[in-house]
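Scroll down for the structure; my scribbles are underneath it.
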Amino acid sequence: MIRKDAQMQTKLNSALAVTSLLLALGTTACQNGFMSLDFNANDDDQPGMVNPDGTIDGNGELTDITDGPDGCTPDDRFFMREVWAPAVKNNCFGCHNEQGAARDSDFLLYNEAWGNYIDLNIGVLTEFAQTKRDGESVLLLKPLGRVSHGGGAVITEGDDVYNRLKAFVDRSENPSTCTAANDEDFYQDVTFLDAQQTMRKATLSLAGRLPTAAELESGNLDAVLDTVMSEDAFFERLTESYNDLLLTDMYLPGTSAVDLLDEDIFPNARYFDDIGDEGQRNMERDAANDAIARETIELIKHVIRSDRPYTEILTAQYTMVNPFSARSYGVDVTFTDPTNPAEFREAAIPGIPHAGVLTTATFMNRYPTTDTNRNRHRSGIFYLYFLGTDVLKLADRPIDPTLSDLSQNPTLFDAQCTVCHDVVDPISGAFQNWDDQGRYAPRESGWYTDMLPPGMEGRQMPSDRWADSLAWLAEQTVQDNRFVEAAVQHAYKLLTGQAPLSLPTDATRADYEPAFRAYEVQYEFFKQVGLKFVESNYNFKTIIKEIVKSPFYRAANAGNITPKRQAELGEMGTSRLLSPEMLNRKIIATTGTEWRVNDRNVLLNPNEFRLLYGGIDSVSITKRMEEPNALAASIARRMSNEVSCFATARDFAKPTAERLLFPNVDPGNTDPTAVRANIRHLYWQLLGEKYEDSDLEVERAYSLWTDIHQDGNNGDYSDNLPGTCQADGISADPDYTIRSWMAVVSYMLSDYAFLYE
Amino acid sequence: MHRRTFLKAAAAAGLAVTAPIASSPREARAQNLGGYAGPYWMFICADGGWDPTSMMDPKGDQNGMNRYATSAIEMAGNIAYAPVEFQNEFFQKHFQRVCVVNGIDMSTNGHEQGRRYTFSGQLNEGHPSLGALVAAKNGPALPMGFITNGGYDFTAGLIAPTRAENVDIIPRLAFSNRIRPDQEAGFHSDYAMDRIRQAADERLAAQQQRIALPRIRNAMGVLHTARLGESELKDVLQYLPTGGGNGLQDQAAVALAAFRAGLGVSVNMRIGGFDTHGNHDAQHIPRLATILRAVDFIWEQAETMGLADKIIVVVGSDFGRTPGYNGGNGKDHWSVNSMMLMGAGIPGNTVIGASDEGHRPLTVNPQTKQLDPNGIRIRPEHVHAALRKLAGIGGDSFSAQFPLMMQQPMDLFG
């Protein structure tokens with residue numbers, strides 16, 4: 001194992017060097033990369049774009065943003081495109097991996113499950129490329145069979161693989177000065193949301209509101225995003241997003257979270273039980289429980305709200321308490337308003353060596369362990385959430401139990417097991433001081449000696465850090481570029497609902513080439529965003545702003561594109577089915593009405609439609625629905641019918657200047673100009689679409705309105721609105737205009753553009 | 001736009017019409033797009049870890065295992081059962097359909113791990129529940145292909161699950177334009193509703209011409225195809241029984257109606273409250289009776305609906321409970337379990353495996369399935385291998401993505 005650890009250390013050192021180089025070069029890359037797309041601002045017929053200063057100047061064409069010499073390709077892209085995929089993956093990796101025939105060699109490659117496999121493999125190859133025998137690189141001599149190679153001669157001088165490896169060797173001696181790929185051609189036929197549409201999409205998504213008239217007028221997206229990201233609604237959105245990941249809301253019901261606290265350690269945990277007044281007792285019980293349940297997420301929100309380095313979510317030597325959970329923990333914290341459950345403060349819990357979110361009771365219990373599991377579950381979760389690495393995919397082939405030698409400890413000695421356990425077990429050891437109930441309780445007998453010692457990927461934890469082992473792990477982790485990648489990818493999922501692309505590995509697939517192109521462009525995009533994130537001292541809001549302004553967030557359409565281009569652009573453009581929570585906010589923001597039946601918000605109530613419409617309960621249902629089924633489609637249909645009923649008369653009852661839906665017409669107004677003007681308003685208000693009066697979309701909705709209006713005046717219907725659709729003194733609809741508008745609103749509320757973002 | 005028109009238009013436009021494709025059985029069969037005529041799979045999870053010694057692996061008061069007398073243990077055919085609430089009625093009525101597997105070695109006392117093992121056949125993470133697997137195999141495009149009300153329902157991305165446990169909600173969705181589902185009055189007139197749908201279809205057609213980004217086009221197509229199933233919910237509605245049952249019976253009623261309408265393949269049903277570390281008998285035995293009443297309800301309904309020869313019922317739990325009672329009159333976690341299987345293709349009036357008087361697992365001969373001290377322990381993967389074979393997914397590439405990894409194979413029903 002010492003040899004393997006040393007080997008892993010070597011590989012990691014190489015990889016970190018590459019990462020450091022990329023980070024050091026970050027400023028130039030970001031200033032000149034495609035993230036700062038610049039556009040001419042003189043063509044109103046073209047989509048609006050975002051300037052480097054964050055303003056949106058209307059519209060224009062791409063400018064030349066070449067960031068290096070013509071033909072310049074960054075080293076990582078060169079490796080990905082020219083070396084890894086066509087040469088190394090298929091010719092070397094099969095043997096040179098942790099489970100392969102060459103698993104005992106010094107040349108071990110990483111598969112795509114590793115969050116930073118590109119960097120890691122560049123490091124491995126660079127080391128061999130720079131090792132020379134008689135002036136020739138070992139990276140060439142080995143596969144040529146000119147020095148000892150278990151696989152013999154597998155290439156010949158001058159063949160394709162040789163040429164690619166040779167090119168890599170040359171590069172390793174003369175690294176490129178090019179730090180960012182120029183991908184502007186990738187977007188050449190893509191059209192984007194304009195300035196106002198981008199602003200509308202971002203404010204709805206992040207804060208559940210429409211942009212104000214002043215914000216739209218300003219055109220300054222950066223400023224609007226700064227405002228949005230200071231609003232409570234943004235932090236509500238963060239709560240949802242991080243709970244989608246951490247699932248700690250499973251402790252919200254009853255006293256589920258308080259019950260996680262050991263009363264021998266926290267004798268005051270259920271202090272509220274002694275409160276005589278039932279109402280006060282229940283209020284304080286709920287406030288204490290909710291605060292402990294949300295402690296992990298509150299810490300993350302606190303870091304983001306305070307513009308602290310995002311690294312603090314792991315390294316914070318404190319947790320977050322409100323006035324009630326502070327009493328449960330028995331910590332003395334000063335609050336501005338000791339009766340306010342929403343006021344959270346930093347607090348160090350005596351006896352706990354804090355390590356940000358890792359040491360909260362909810363994290364430890366949500367991801368429990370057993371005597372036999374030995375924290376491996378926690379280790380796997382840690383890798384997945386904070387290092388972007390799915391350890392369950394590290395092994396490339398299924399385990400064959402008949403090949404295992406069970407007479408020896410297989411997790412230490414069987415290659416089928418060590419491929420994962422060499423990675424997982426050291427971090428399991430870093431969780432050593434936390435028992436199966438999530439208590440800080442260092443084992444009296446010390447950590448297990450029949451598994452790898454605590455550490456992280458070859459770095460053994462110093463014994464003087466065993467007492468605060470998770471703090472040590474946090475310090476290592478936040479220096480790892482995978483932590484940056486994980487943060488960027490979480491923000492991307494938050495904003496788009498889409499998972500990052502995976503590297504296509506089957507070169508025989510017909511769509512391999514365009515899929516590869518799409519992947520490398522997105523890879524570069526994430527890298528550049530990560531560099532900006534680091535440059536901003538790990539300010540999470542930087543990631544949000546960069547993604548909102550990016551082509552990925554704003555792509556809306558493309559020209560007449562070929563099948564190959566369709567494959568390349570397969571993941572461009574967001575089309576997220578709104579979650580029940582997001583749809584609820586959108587309904588309220590756009591119509592001024594909540595979908596509430598029998599005094600219950602039917603989209604948010606778990607006994608009504610929340611779970612049927614794809615929500616989660618954080619316990620048994622933990623993944624959000626990404627595609628609607630027939631039931632969800634029916635819920636959306638009922639929503640459109642019921643909300644149009646609630647909202648239409650209610651909006652008409654308001655003074656014209658305060659109306660959200662009908663600023664251009666009153667009930668009874670059948671003037672075509674006014675009706676069409678209001679239809680155009682509704683397209684923008686509800687769907688974010690802008691049309692000229694002559695557009696066919698306006699004509700379609702107008703035809704819908706007039707047909708229903710005409711049918712309504714044929715004498716078959718009552719003069720009154722259905723009772724549930726009446727509002728604020730409006731009950732009659734003798735000329736059927738209100739019901740005609742209800743139909744138009746329903747038509748739009750059930751549209752794809754309303755249900756998706 | 002009608003389904004067929006839409007599908008043709010979608011195909012012509014290169015629009016990916018992906019799951020969920022809603023379909024009436026007749027239309028769907030005609031277009032080879034789905035529609036499903038069975039078999040139908042119903043999984044019931046006794047969440048929390050049940051006590052087989054209080055049901056189909058009874059021990060009695062000998063050694064303090066149970067409160068009832070060992071001499072009072074009863075038999076229905078070859079099946080022994082505990083003399084407690086509703087069991088006599090159930091087993092005497094249904095024993096010809098029942099296959100009991102006793103003495104299952106779970107290798108875990110963890111709830112999550114145990115549920116996963118019982119309902120996927122694998123202790124490791126990442127394997128889909130059998131309910132998801134059979135639905136993905138037989139009806140990935142059906143609007144209610146895999147209905148889940150909890151329990152272990154991991155799908156591994158194979159199929160979009162549908163939650164549907166509340167009978168009351170279905171009418172509100174089936175009649176989405178009615179203010180109250182039991183009354184004719186609508187939010188919009190019938191004419192208006194038809195015009196809204198027509199305008200939406202026209203807009204979709206225009207968008208298909210206008211939008212070139214595949215992701216957006218596909219999402220539009222998915223929404224539209226899901227909508228084609230809206231009206232088919234009325235098909236489910238007509239098969240829903242009137243009158244409320246217990247929670248499990250509601251779950252079963254919705255699933256059976258979906259099956260009868262040809263819109264579903266499998267359902268995960270769940271009942272909690274079995275983790276009885278205290279006051280075991282009083283809390284635990286009524287819940288066992290609730291399960292048996294629900295299974296009885298399933299067969300009664302299935303007979304009425306003409307589905308009885310196409311239904312398979314699988315009942316299981318996280319693990320078993322400790323032999324005897326703790327100081328709180330409760331029972332703790334115990335890694336020996338039982339399962340109850342019933343229905344099409346299941347050998348009835350059969351008991352496979354056993355546990356000893358202390359509820360420790362006994363070994364069986366893998367060929368004869370008879371108790372054999374030199375045999376092997378039955379594990380959940382053995383049960384799942386047999387169920388997969390029954391489902392016709394035993395050896396194909398589809399299920400090979402999720403191998404059962406049996407160290408010692410055994411054909412349980414062979």
Side-chain angles (χ1 to χ4, degrees), chain A residues 190 370 392 398-399 401 555-561 566-567 569-575 577 607-609 611-612 620-621 625 627-635 637-638 641-642 644-645 696-697 700-701 703-704 707-708 711-712 717 722 724-725 739 742-743 746-747 750-752 755-756, chain B residues 14 18-20 22 109-110 125-126 143-144 148 150-151 153 160-164 166 169 172-174 176-177 179 185-189 191-193 195-196 199-200 202-204 206-207 210-216 218-220 222-224 226-230 232-233 263 270 403 405 407:
Chain A
V190 179
T370 65
L392 295 175
I399 293 171
N557 205 349
N560 187 16
I561 55 178
Q566 286 189 28
L569 299 175
E571 289 299 303
M572 290 295 291
T574 61
S575 58
L577 178 70
N607 295 318
E608 293 277 347
F609 297 147
L611 300 179
L612 277 178
S620 58
I621 303 172
M625 182 174 71
E627 294 180 341
N629 51 44
L631 289 181
S634 298
I635 291 170
R637 178 75 69 189
R638 186 164 188 90
N641 292 335
E642 204 149 19
S644 69
C645 158
L696 286 177
E697 291 290 349
R700 181 176 301 113
S703 173
L704 174 67
D707 285 356
I708 292 172
D711 177 68
Y717 304 106
T724 195
C725 304
R739 280 168 283 187
M742 275 173 51
S746 184
Y747 162 66
S750 62
D751 189 76
Y752 167 87
L755 303 173
Y756 287 68
Chain B
T18 56
N109 281 333
E125 290 182 295
M144 299 176 77
T148 175
D153 57 7
T162 298
R163 273 190 83 84
N166 189 342
I169 281 178
R172 288 161 63 194
L173 301 180
S176 58
N177 188 40
I179 296 170
F187 300 105
H188 308 291
S189 68
Y191 174 81
M193 201 64 238
R195 271 298 278 119
I196 291 169
E202 291 170 3
R203 178 170 151 88
L204 175 68
Q207 298 275 43
R210 192 176 69 81
I211 300 293
L213 287 177
R215 184 176 178 81
I216 299 174
N218 289 350
M220 287 177 173
V222 167
L223 176 63
H224 190 76
R227 282 197 166 139
L228 296 173
E230 284 178 54
E232 285 150 359
L233 289 179
L263 304 179
R270 174 194 175 274
M405 310 290 288
Q407 292 189 38

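Model, not experiment: these values are computed from the prediction. The chains referred to below are lettered A, B, ... by the order of the sequence lines, with proteins before strands, and numbering in each begins at 1. Atoms considered below: every heavy atom in the structure, side chains included; atoms not considered: hydrogens, waters and symmetry mates.
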* Structure fact -> One option among B:G186, B:A200, B:A199 has the most heavy-atom pairs under 4.5 Å with chain A, and it is B:A199
* Can you tell which of B:A185, B:A206, B:A212 has the highest number of heavy-atom pairs within less than 4.5 Å of chain A? -> B:A212
Looking at [options], which has the largest count of heavy-atom pairs under 4.5 Å with chain B?
options                        : value
A:G570, A:A632, A:P722, A:A701 : A:G570
A:L755, A:I561, A:D711         : A:D711
A:C645, A:G712, A:A743, A:G559 : A:A743

Please find the pair of heavy atoms, one from [X] and one from [Y], that lie closest to each other, and give the distance.
X      : Y      : value
A:A556 : B:L213 : C-CD1, 3.6 Å
B:R215 : A:E571 : NH1-OE1, 2.8 Å
B:A226 : A:P628 : CB-O, 3.6 Å

Donor-acceptor contact below 3.5 Å, side chain [X] vs main chain [Y]:
X      : Y      : result
B:N177 : A:N641 : no
B:R195 : A:D707 : no
A:N557 : B:R210 : yes

Between atom [atom1] of [X] and atom [atom2] of [Y], what is the distance when rounded to the nearest 0.5 Å?
X      : Y      : atom1 : atom2 : answer
B:M193 : A:I708 : CE    : CD1   : 9.0 Å
B:R227 : A:R637 : CZ    : CZ    : 4.5 Å
A:I635 : B:R172 : CD1   : CZ    : 9.0 Å
A:S575 : B:N218 : OG    : CG    : 8.0 Å

By a 4.5 Å heavy-atom criterion (distance strictly below it), what part of [X] contacts chain B: side chain, backbone, both, or neither?
X      : value
A:M625 : neither
A:Y756 : side chain
A:E697 : side chain
A:S644 : side chain

* For the residue pair B:I216 and A:Y752, establish whether any side-chain heavy-atom pair is separated by less than 4.5 Å. =>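 Yes, their side chains come closer than 4.5 Å.
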* Could you tell me whether the side chain of B:F187 reaches within less than 4.5 Å of the side chain of A:R638, counting heavy atoms only? =>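 Yes, side chains in contact.
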